[in-house]
Amino acid sequence: MNSQPRRVENIQTDRGSVPVYTTAVIEQPWEDYSDIDHDVWRQLYARQRKVLPGRACDAFLRAQDTMRMTPDRIPKFSELNKILGDTTGWQIIGVEGLLPELDFFTHLANRRFPVTWWIRRPDQIDYIAEPDLFHDLFGHVPPLMDKDFADYLVAYGQGGVKAHGLGQDALMQLARLYWYTVEFGLMREHGQMRIYGAGIASSAGESVYSVESASPNRIAFDLERIMRTRYRIDSYQKTYFVIDSYEQLIEATRPDFTPIYRQVAQQPLLAAGSVLDSDTVYQRGTGEGWPDDGDV
Ligand code: PHE
Ligand code: CO
């Protein structure tokens with residue numbers, strides 16, 4: 001990653017204009033996708049579109065339809081970008097894979113969502129550790145069509161640039177917030193638990209597990225609580241945090257985090273499966289099937 005060309009640009013933060021470097025953006029090599037690549041997309045898309053109605057929040061599936069993600073071939077970023085740009089001003093940019101933190105935050109702050117250009121192999125249909133095009137595009141991009149979520153992610157990027165200057169504690173607390181909202185968030189809708197997190201929405205198994213299984217905890221969103229909570233990267237989550245609306249997310253994350261980071265850093269971390277007396281618990285998980293350790 002470090003050997004890639006980098007460019008400098010100025011971004012706006014609440015400390016004024018700050019110059020940062022970003023990793024080069026790759027043009028989606030759409031003509032180079034093989035029939036197998038398109039077929040992997042087709043299979044994954046069909047399966048998720050079957051699993052998600054009644055499980056994903058309404059806005060998610062509606063947005064995906066409005067964007068016209070193509071069911072039988074990998075969508076072209078350039079086509080999605082027209083409607084995405086017109087709707088919330090966001091753009092998809094192609095990247096090779098995970099970016100250095102500051103690059104990632106900078107893209108978000110400028111309404112650019114990095115999407116991995118390559119798609120998993122057929123033998124990785126059910127599980128892949130790394131984010132690929134299917135996870136990034138299918139899971140992360142539809143929420144960007146929602147004005148409130150779109151604004152939340154910009155604020156997150158700006159907050160990330162700031163946290164980067166504050167140090168490792170702040171960065172880790174912010175990473176936990178991303179994990180439990182953008183990646184694995186649930187929302188109460190129609191009196192039910194619905195998915196909005198991309199890590200869930202792009203996984204057939206976790207789409208069902210997250211909203212239907214008795215084993216995980218489902219706990220009301222609480223910013224500082226989330227910032228202290230470790231998480232799983234190699235199994236389904238032990239705990240999901242539940243919002244009532246994207247507006248709630250925006251309001252709860254509007255305050256300056258600088259004093260909050262400091263205060264949270266004084267408190268002990270919490271295991272991924274822990275439940276506190278102070279939690280608003282929608283469901284206390286049975287813990288069935290949980291691995292013993294390995295929280296990040
Ligand atoms: N308000 C946060 C800060 O001051 C920024 C932020 C917004 C972080 C939204 C995450 C999500 O750092
Ligand atoms: Co992701």
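As the structure lists them, so they are numbered: ligands from 1, and atoms in each ligand from 1.
Atom 8 (C) of ligand 1 has its nearest heavy-atom neighbour, among F105, Y261, F257, Y178, in F257.
Below 4.0 Å from some heavy atom of G159 lie the following atoms of ligand 1, by number and element: 5 (C), 12 (O). Atoms of ligand 1 lying under 4.0 Å from at least one heavy atom of D256, given by number and element, are 4 (O). Heavy-atom contacts of A155 reach the following atoms of ligand 1: 5 (C), 6 (C), 7 (C), 9 (C) (cutoff under 4.0 Å). The ligand atoms of ligand 1 that sit less than 4.0 angstrom from a heavy atom of R254 are 1 (N). Contact atoms of ligand 1 toward P255: 1 (N), 2 (C), 3 (C), 4 (O) (distance under 4.0 Å to a heavy atom of the residue). Which parts of ligand 1 touch L177 is read off a 4.0 Å heavy-atom cut-off, strictly below it: atoms 10 (C).
Here E183 meets the criterion, with an N, O or S atom under 2.8 Å of the Co ion (ligand 2).
Within a 6.0 Å sphere centred on CD1 of I250, heavy atoms belonging to other residues, nucleotides or ligands number more than 12. Within 6.0 Å of CG in D72 there are more than 12 heavy atoms belonging to other residues, nucleotides or ligands.
Contact annotation for T258 and ligand 1: no heavy atom of the residue comes within less than 4.0 Å of the ligand. The proximity of K162 to ligand 1, defined as any non-hydrogen pair under 4.0 Å, is limited to the side chain.
Electrostatic pairing of K162 and D256 counts as a salt bridge here, judged by a charged N lying under 4.0 Å from a carboxylate O. Between R42 and D39 there is a salt bridge, since at least one side-chain N of the basic residue sits less than 4.0 Å from a carboxylate O of the acidic one. Between D58 and R194 there is a salt bridge, since at least one side-chain N of the basic residue sits less than 4.0 Å from a carboxylate O of the acidic one.
Looking only at side-chain heavy atoms (C-beta outward), M227 and L270 stay at 4.5 Å or farther from each other.
No option in F184, F241, Y156, Y240 other than F184 meets the ring pair (Phe, Tyr, Trp, His ring centres under 6.0 Å) test with W179.
Where the criterion is an N or O separation shorter than 3.5 Å, residue side chain and backbone included, Y152 fails it with respect to ligand 1.
When every heavy atom of Q283 is checked against every heavy atom of A214, the shortest pair comes out as NE2-O, 3.1 Å.
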